[in-house]
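Here's the structure, in structure tokens; my notes come after.
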Amino acid sequence: MTQEKLLELLGDMSLQEKIDQLLQLNENFYTGNEQEVATGPARDMGITEEDVKCAGSILGSYGAKKTKKIQDDYMAKQPHHIPMLFMMDVIHGMKTIFPAPIAQGAAFDPNIAKMACDIAAREAAVTGLHCTFSPMVDLVRDARWGRVVESTGEDPYLNSLYAKASVEGFQGESGDLTEKFKIASCVKHFAGYGAAEAGRDYNTVEMSRPAFREYYLKSYKAGIDAKAALVMTSFNTVEGVPASANKWLMRDILRKEMGFDGVLISDYAAIEETIYHGVSEDKREAAKKCIEAGVDIDMMSNCYAANLKKLVEDGEIDEKLIDEGALRVLELKNKLGLFENPYKDADEKLEKTMILSEPHRIAAREAAARTFVLLKNDKDDSGFSVLPLREEKKTAFIGPFVDSKDIMSSWAVTGDVSSCVSVGQAARENFGKKVLFAKGCEILGDDVHVPSFMGEVHYPQTEEEKEKLFAEAVELAKTVENVVLFLGEDTSQTGEAASRGFLDIPEVQSELLKRVHAVNKNIAVVLFTGRPLDLREVSKLSRSILVVWRPGTEGGHAIVDVLTGKRGPCGKLPMSFPYCVGQEPIHYDRLATGRFAEPGTKEKFKSRYIDMPTEPLYPFGFGLTYTDITMSEVKLDRNEMTKDGKITATVTLKNIGDVVGVETLQLYIKDVKASIARPMRQLKGFEKVELMPGNAREIGFEITADKLSFVDGDGNEVLEKGDFEVYVGFDSTTENKASFVLK
Ligand code: BGC
């Protein structure tokens with residue numbers, strides 16, 4: 001439809017009909033449960049039959065047959081037969097679930113996200129979905145926050161690359177949403193949601209403008225530049241004002257500065273929550289503030305539907321504000337081609353053949369293997385490490401995750417646990433009867449009850465049952481040379497509303513580790529987690545640690561691929577793993593202080609702790625391979641640069657081990673002196689380098705002015721003359737450095 005026709009349509013719609021385009025309801029309103037709903041939540045929400053007839057979008061409904069039927073019924077009743085938008089959270093896969101975003105970040109390879117989002121879009125599109133609430137690009141620095149699992153980590157540069165790749169995966173590079181199997185992508189949560197104080201979900205965010213711009217805003221901008229069709233507001237306050245009601249944030253920063261002209265949707269009931277933040281008197285004022293701030297869609301509250309009409313009639317807001325929002329929603333429908341084809345790609349036949357198809361599973365397996373991070377792999381006196389496993393060594397697979405298929409994440413809401421491949425299943429396929437198994441314990445002890453989307457998670461167990469499982473594991477561990485222990489967090493311990501005050505593995509698993517260690521020291525721990533954990537004990541009691549995050553549908557296969565060395569581990573930590581929870585929030589790119597403490601110093605009056613190290617246990621960017629790769633000193637091709645010039649930093653890598661390995665070479669830059677304090681160093685580039693045994697390669701990073709400038713508190717790009725330090729290496733602590741001057 002032409003823009004002219006869209007405007008004509010808008011001009012023909014009644015005020016309430018336009019307002020209802022800004023309303024999003026869930027599927028209960030459309031699946032014949034209206035009666036039921038009208039006596040339950042709908043009644044409480046004050047949603048009228050008219051609203052249901054005209055609501056612009058639906059949350060959480062998918063399935064080709066069902067969505068087509070809902071669309072038909074809806075369009076028949078909607079006064080202008082405007083199609084409805086189907087939206088849902090498709091985060092790291094629709095049915096073929098890829099590794100969780102934090103794991104994807106560990107791949108240091110945005111192409112993985114692009115591929116995962118492309119496949120997710122295909123599977124979602126054939127079920128009738130038009131739009132996903134993804135990617136979440138919130139920068140995260142506090143492992144206590146449960147939603148770090150949905151982020152690609154603590155670094156703005158890495159996050160921005162993933163934001164772009166994810167949007168392009170869902171929507172295609174051209175952003176032409178009429179293309180087959182493409183869905184609209186929604187960058188969330190604008191802005192700063194990842195900085196919730198004390199890592200407690202939904203909590204206040206307080207920070208300076210330079211920090212907000214330097215660290216937090218970049219990844220949203222990258223998603224918007226990649227043409228994301230939607231942006232979602234965040235639950236938190238920004239400078240004291242809840243994001244959804246924050247005019248400065250939405251009008252000045254998002255719309256004007258970042259140039260976003262797509263649909264701005266509130267987070268779930270966030271408009272109504274401005275009342276509980278204490279900035280809106282009631283739903284009417286909430287509606288007024290948020291429409292003035294430029295929020296187009298009200299997700300799951302009736303603030304807009306019940307109040308906007310009256311506000312216009314009473315002359316408190318201009319109808320233009322409603323037109324602005326309704327037009328954006330109509331434009332999105334038009335961009336998706338829904339006026340011509342309201343089902344878009346919904347297809348019952350393809351649902352059966354494409355979803356969880358062999359190529360999709362292969363892609364998920366490949367992706368997962370590339371996200372695993374080897375944190376430790378100590379050699380014994382004869383020079384052997386536990387990993388990769390060797391056939392001649394008798395090995396036992398022990399732990400509650402051996403046979404668990406619950407290895408996606410709490411935001412894989414469309415995925416099915418039953419489609420996942422457990423480690424046990426993959427190991428049986430690979431080794432037949434040769435590997436020995438024991439469960440050892442439940443994932444959580446009987447003392448832990450965690451609320452989740454599915455209700456309370458609890459593993460009831462008597463003391464006797466618990467002891468029996470421990471005893472079986474210990475007996476088995478005595479009879480083998482090596483033990484692989486599969487430990488970690490329960491799915492319910494990560495994700496939304498899953499903040500933690502402790503970052504340990506569950507106590508019952510720690511007990512299992514200790515008991516197994518008492519009889520066998522050759523332990524490799526395979527760790528399932530959605531966040532950085534405190535691994536002091538795990539590290540002390542094991543010879544190897546492989547972090548496999550929440551690996552998704554093909555997790556079991558990918559893990560066995562890496563344990564056996566069929567694929568080498570090549571992931572790097574996208575978030576620092578702290579020494580202990582007391583260090584949180586922690587990130588490598590902290591600002592310089594007046595009293596920097598050299599690692600290990602005992603000096604007083606330095607910026608350090610008196611009872612624990614200042615450095616994390618495993619730093620950002622860290623991860624080992626199965627081989628040994630050496631690096632030469634970094635060389636710069638010149639030591640002076642002008643603002644239009646460039647410098648190349650070069651190192652040579654050599655694989656001196658006896659297996660192939662993939663290293664991730666990282667470039668960090670430090671601005672030694674500037675008008676405001678600058679980070680100790682910042683990631684500015686990386687490259688994955690595959691080397692066969694004995695092979696060497698020279699790698700060069702080009703340094704140009706854009707890698708040296710920064711954004712000040714007012715949003716100006718600043719480039720200042722002076723000294724810069726260049727660090728090249730295998731993680732964020734590298735001391736392989738050289739310097740130059742920007743003239
Ligand atoms: C979450 C969003 C999500 C929305 C819709 C909210 O609770 O914060 O990330 O997109 O629900 O499911």
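Whatever order the structure lists ligands and atoms in, that order sets their numbers, starting from 1. Because only heavy atoms are used, hydrogens play no part in the values below, and waters and symmetry mates are left out as well, while side chains stay in. On a predicted model such as this, the values are computed, not experimentally measured, just so you know.
- Note: F98 and H92 fail the aromatic proximity criterion, with ring centroids not under 6.0 Å apart.
- Looking at W411 against ligand 1, only its side chain comes within 4.0 Å, counting heavy atoms.
- Heavy-atom contacts of F133 reach the following atoms of ligand 1: 10 (O) (cutoff under 4.0 Å).
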Discussion item. For a salt bridge (charged side-chain N to carboxylate O under 4.0 Å, His left out) check, start with the C-alpha distance between E168 and K164, then their side-chain angles and the critical distance, and finish with the verdict.
Written reply: CA-CA 6 Å; E168 289 180 353; K164 176 178 190 294; 3.1 Å; yes

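- Taking the six-membered ring where tryptophan is involved, the planes of Y202 and F235 are perpendicular, since the angle between them exceeds 60° and thus also 30°.
- Listed for the K247 side chain is no donor-acceptor partner under 3.5 Å among the backbone atoms of D252.
- Contact annotation: M88 has no heavy atom less than 4.0 Å from any atom of ligand 1.
- At least one heavy atom of R147 sits less than 4.0 Å from an atom of ligand 1.
- For the pair E50 and K53, the salt-bridge criterion is met [side-chain N within less than 4.0 Å of a carboxylate O].
- Note on ligand 1: H189 sits in its first shell, one or more heavy atoms being nearer than 4.0 Å.
- For E197 and R141, the salt-bridge test fails: no basic side-chain N is under 4.0 Å from an acidic carboxylate O.
- Residue-to-ligand polar distances keep Y268 apart from ligand 1: every N/O pair is separated by 3.5 Å or more.
- Residue D89 has at least one N or O atom closer than 3.5 Å to an N or O atom of ligand 1.
- Proximity of M136 to ligand 1, defined as any heavy-atom pair under 4.0 Å, is not found for any part of the residue.
- Atoms of ligand 1 found under 4.0 Å from any heavy atom of K188, numbered from 1 in the order shown, are 2 (C), 3 (C), 9 (O), 10 (O).
- In terms of polar-atom proximity, Y193 is not counted as a contact of ligand 1, lacking any N or O under 3.5 Å from an N or O of the ligand.
- Side chains of T96 and E123: a donor on one and an acceptor on the other come within 3.5 Å.
- Taking the charged nitrogens against the carboxylate oxygens, D176 and K335 have no contact shorter than 4.0 Å, which rules out a salt bridge.
- In terms of protein heavy-atom proximity, atom 8 (O) of ligand 1 is closest to D267 OD2, 2.6 Å.
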